[in-house]
Amino acid sequence: MRRKIIAGNWKMNGDRDLVRQVAERAADSAVEAELAVCPPFPLLPTAASQLPFGVALGAQDVSEYEAGAYTGEVSAAMLLEAGCRYVIVGHSERRTLYGEDNDRVAGKFVAAKQAGLTPILCVGETLAERDAERTEAVVGEQIDAAHEAAGTQAFQGAVVAYEPVWAIGTGRTATPEQAQAVHAFIRQRVAERDGSEVAEQLPVLYGGSMKPDNAAELLGQRDIDGGLIGGASLKPDSFLAIYQAAAEG
Ligand code: PEP
């Protein structure tokens, strides 16, 4: 049985006060599901010291390099030292706004794993790709790129987040059936590459306008193992309500 994970991606939002509010509210978190918070880099030390035991910390990006002359970049080892367990790689905003392609994202995936972090690999299609019935081709390539770079058992100790680009920050959510179909495809693809044992243990999160009022139905799908939450993670009440739905589901 896969334990559900609810992870908040704050993007370039939040401050120390938001860390404090989430830390206070998360003190009542349950054991049935995992809660994780991914604030911007400068808030990691505050979050590491304030979040209650059991609430995991994550970063939103990582360098594919170990160290060196890469101004502005942060290495996986630095994130580990800062208290992170998770790091998001390949978020669609990084892919679209900063031109990260599958190879670069795969390099970040490998760097995270090698340092002992759990990468949350974001995959997902644009609306044009969905309309052209290319969802499986696009998501399959994104999965394969990480697999080719990381080698056998690539997805052991990793998390995948299916985030249809057309549902991120738009208020438009994939229906539970649409999301379930792609989640099942991802698990199948990972089973073909890494074997069914790795695939069955792999948490596959859904991201894209998940909110308290749609969380339970999405999280009730067989292959949806949690959520990567953007906008709603900035409102502690909403974030914790989604977490509650995961813990009760
Ligand atoms: C995200 O950016 O990862 C995300 C899922 O955002 P939102 O929940 O705001 O759609």
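Quantities reported herein were computed from a predicted structural model and do not represent experimental measurements. All ligand and atom numbering here is 1-based and tracks the order in the structure.
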**Study point:** Inter-residue atom distance Ile88.CD1 - Ile120.CD1, 0.5 Å rounding
**Key:** 5.5 Å
Check your understanding: Would you call Glu125 and Arg134 a salt bridge, using N to O less than 4.0 angstrom?
Key -> no
**Study point:** Asp103: partners by salt bridge (Lys or Arg N to Asp or Glu O under 4.0 Å), with sequence neighbours left out
**Key:** none
Between ligand 1 and the protein, which N/O pairs are shorter than 3.5 Å?
from	atom 1	to	atom 2	distance (Å)
ligand 1	2 (O)	Lys11	NZ	2.5
ligand 1	2 (O)	His91	NE2	2.7
ligand 1	3 (O)	His91	NE2	3.0
ligand 1	3 (O)	Glu163	OE1	3.2
ligand 1	3 (O)	Glu163	OE2	2.7
ligand 1	8 (O)	Ser209	N	3.4
ligand 1	8 (O)	Gly230	N	2.9
ligand 1	9 (O)	Gly231	N	2.8
ligand 1	10 (O)	Gly169	N	2.7
ligand 1	10 (O)	Ser209	N	2.7

**Study point:** Distance, nearest 0.5 Å, that separates CZ of Phe41 from CD of Gln60
**Key:** 7.5 Å
**Study point:** Option passing side-chain hydrogen bond (donor to acceptor under 3.5 Å, both in side chains) with Asp225 (candidates Lys4, Gln201, Arg3, Arg187)
**Key:** Arg187
Check your understanding: Can you tell me how far the CG atom of Leu202 sits from the CZ atom of Arg2, to the nearest 0.5 Å?
Key -> 8.0 Å
